[in-house]
S.K.: 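This is the structure I want to talk about, given as structure tokens.
The analysis underlying the following values was restricted to heavy atoms, covering all of them including side chains, and did not include hydrogens, waters or symmetry mates.
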Amino acid sequence: MRALISVYNKAGVVDFARDLAALGVEIVSTGNTKRLLAEAGIEARAVSDLTGFPEILDGRVKTLHPGIHAGLLARRDLPAHMAQLDEYGLLPIDIVVVNLYPFRETVARPDVTLEAAQEQIDIGGVALLRAAAKNFPAVLSLVDPADYADVLHGLRNGHIAADLRRGLAAKTFAHTAAYDAAIAGYLAADPLPQTLPLAWSQAQSLRYGENPHQPAALYGDFHSLFEQLHGKELSYNNILDTGAAQELIEEFPASESAAVAIIKHTNPCGVGTGPDLLTAWEHAFATDREAPYGGIIVTNRPIDLALAQAIDEIFSEIVISPDFAPEALELLRKKKNRRLLKSLRPVARVGELTLRSVPGGVLAQIADHTPLTEEESKVVTQRVPSPSEWQALRFAWRVVKHVKSNAIVYAAADRTLGIGAGQMSRVDSSRLAVWKAQNAGLSLTCSVVASDALFPFADGVEAAFAVGATAVIQPGGSVRDAEVIEASDKAGAAMVFTGRRHFRH
């Protein structure tokens, strides 16, 4: 039996090779892997011994040769194939242990050059794996050190189960597919290409999906964005809420002010800013003192003890922050059912794709992460917003894009006052927002209103003015814009058109 070993990730490979050699497996290797094995006292033949040809082009060509690929692809159950190997003096290869150049990790660096990325595109390794996996009834393909133990167990017992062989082949093709998808995604000039290369590895098996009867799993690199510091594993719904919470809080840079948001079912219950996190929390929590129970709390600055003590007074599923003061972490860890997450890097990137599954495929769109500019804010009423109204309008606009449509947000300059989410009519969303504010004992006098989409009729803004709102921000674009503007002028209110809608389905 013969094994070809050529790995970039060398975790566990020395012990695996030593165990293979002890079982009488002849080892063939290349470059740095061969040197590593030699330093460990493990004998390994050079690939050039099988090919009769040296490694050339700085190692770009070393295994791309019939002396290797014939040994991988020959069917052991076909006498003609085995006779051809004998005719040309070629040797069968029974095990391939290969993992690929770190392309994804390389292109994730912000300073990576195209040339550096090109050099991390593995050719020979992918060819070896695909050849071995194609011939899986006879050849084992290993891309993951976690599989070394199962293969050794089978070899020691003199039999590799058919389902293990097939499983390793499936894992290999998934590995190379993900690798090719990463390359295609990096090189693609069009953010919405004709073919959308998608391949993610399973990161976590979940207990269930949105409901207990639905099996579910997490794929991709979610865990590279958050470090869990306490609590049990995140559920499917927890992960959805975490993403929504982090996207919202990133609307509020820590350099501007402290910010806190409370999320429930991906919708904000309340958002607040202030000179410190405790003040921001008080502003956010005041919007709705009932819904935050069992919700998600997210901050844009590290959590200190003062905020931790306030948070500790209610039950929350998850607390997310860039960091936690040691004494705050100690306090928050006392409740075992509270999950604590440290956000490691931004999740919202301008120009990235968002995907939604639909029957038979996926919908793709450029993410709605571009901030509103002053040039896009067009005053359409006779009265211009005051400086404090401008501040409140910009605050409300940041929040409303993260509320499920139809979305209405009443706000002051540093806090939400009433949020209406997910209603079938915009008027109903406005009524809900007003009711929420009244239920919380908050006055809407001199508040502002943000709407994620246009007001189709004047009645929506008239209702807002009736409860005390003095300024409105909305996309505009209704055939009745003139009526809406006239109603605003009649009320002495200010209105800003953005020309940009923020539907969130």
S.K.: Does either side chain, that of R45 or that of S29, offer a donor lying less than 3.5 Å from an acceptor on the other one?
M.R.: no
S.K.: State, with a plain yes or no, whether a side-chain heavy atom of M1 is found less than 4.5 Å away from one of I95.
M.R.: yes
S.K.: Determine whether E250 and Q246 satisfy the following criterion, side chain to side chain donor-acceptor pair (under 3.5 Å), listing intermediate values before the conclusion.
M.R.: CA-CA 6 Å; E250 288 175 13; Q246 187 62 32; 3.0 Å; yes
S.K.: Might you work through the side-chain contact (heavy atoms from CB on, under 4.5 Å) test for D19 and R156, ending with a clear yes or no?
M.R.: CA-CA 10 Å; D19 288 339; R156 288 179 181 129; 3.6 Å; yes
S.K.: Restricting to pairs with a member in residues 291-303, which pass side chain to side chain donor-acceptor pair (under 3.5 Å), not counting sequence neighbours?
M.R.: T299-S321
S.K.: Mark yes when over 12 heavy atoms from residues, nucleotides or ligands other than R356 sit less than 6.0 Å from its CZ; otherwise mark no.
M.R.: no
S.K.: Rounded at 0.5 Å granularity, tell me how far CZ in F324 sits from NZ in K342.
M.R.: 9.5 Å
S.K.: Check this for me: E352, atom CD, are more than 12 non-hydrogen atoms of other residues, nucleotides or ligands nearer than 6.0 Å?
M.R.: yes
S.K.: How about CZ on R394, more than 12 heavy atoms from neighbouring residues, nucleotides or ligands closer than 6.0 Å, or not?
M.R.: yes
S.K.: Are there over 12 heavy-atom neighbours, none belonging to E115, within less than 6.0 Å of that residue's CD?
M.R.: no
S.K.: Hey, which of L307, I311, L305 is the one that makes side-chain contact (heavy atoms from CB on, under 4.5 Å) with L332?
M.R.: I311
S.K.: Decide yes or no on side chain to side chain donor-acceptor pair (under 3.5 Å) for D241 and H265, but give the supporting numbers first.
M.R.: CA-CA 6 Å; D241 283 333; H265 303 306; 5.2 Å; no
S.K.: S141 and R165: side chain to side chain donor-acceptor pair (under 3.5 Å), yes or no, with the steps?
M.R.: CA-CA 8 Å; S141 55; R165 290 183 176 275; over 6 Å; no
S.K.: Go through the steps for V98 and L142 under the test side-chain contact (heavy atoms from CB on, under 4.5 Å), then give the verdict.
M.R.: CA-CA 6 Å; V98 170; L142 290 104; over 6 Å; no
S.K.: Can a donor-acceptor pair be found between the side chains of E251 and H402 at a distance below 3.5 Å?
M.R.: yes
S.K.: Is the distance between the ring centroids of H505 and F503 under 6.0 Å?
M.R.: yes
S.K.: For D452, run the salt bridge (Lys or Arg N to Asp or Glu O under 4.0 Å) check against R426, R500, R504 and tell me which one passes.
M.R.: R426
S.K.: I need the minimum non-hydrogen distance between Q204 and H223, along with the two atoms involved.
M.R.: OE1-NE2, 3.0 Å
S.K.: Would you say the ring centers of Y186 and F103 fall short of 6.0 Å from each other?
M.R.: yes
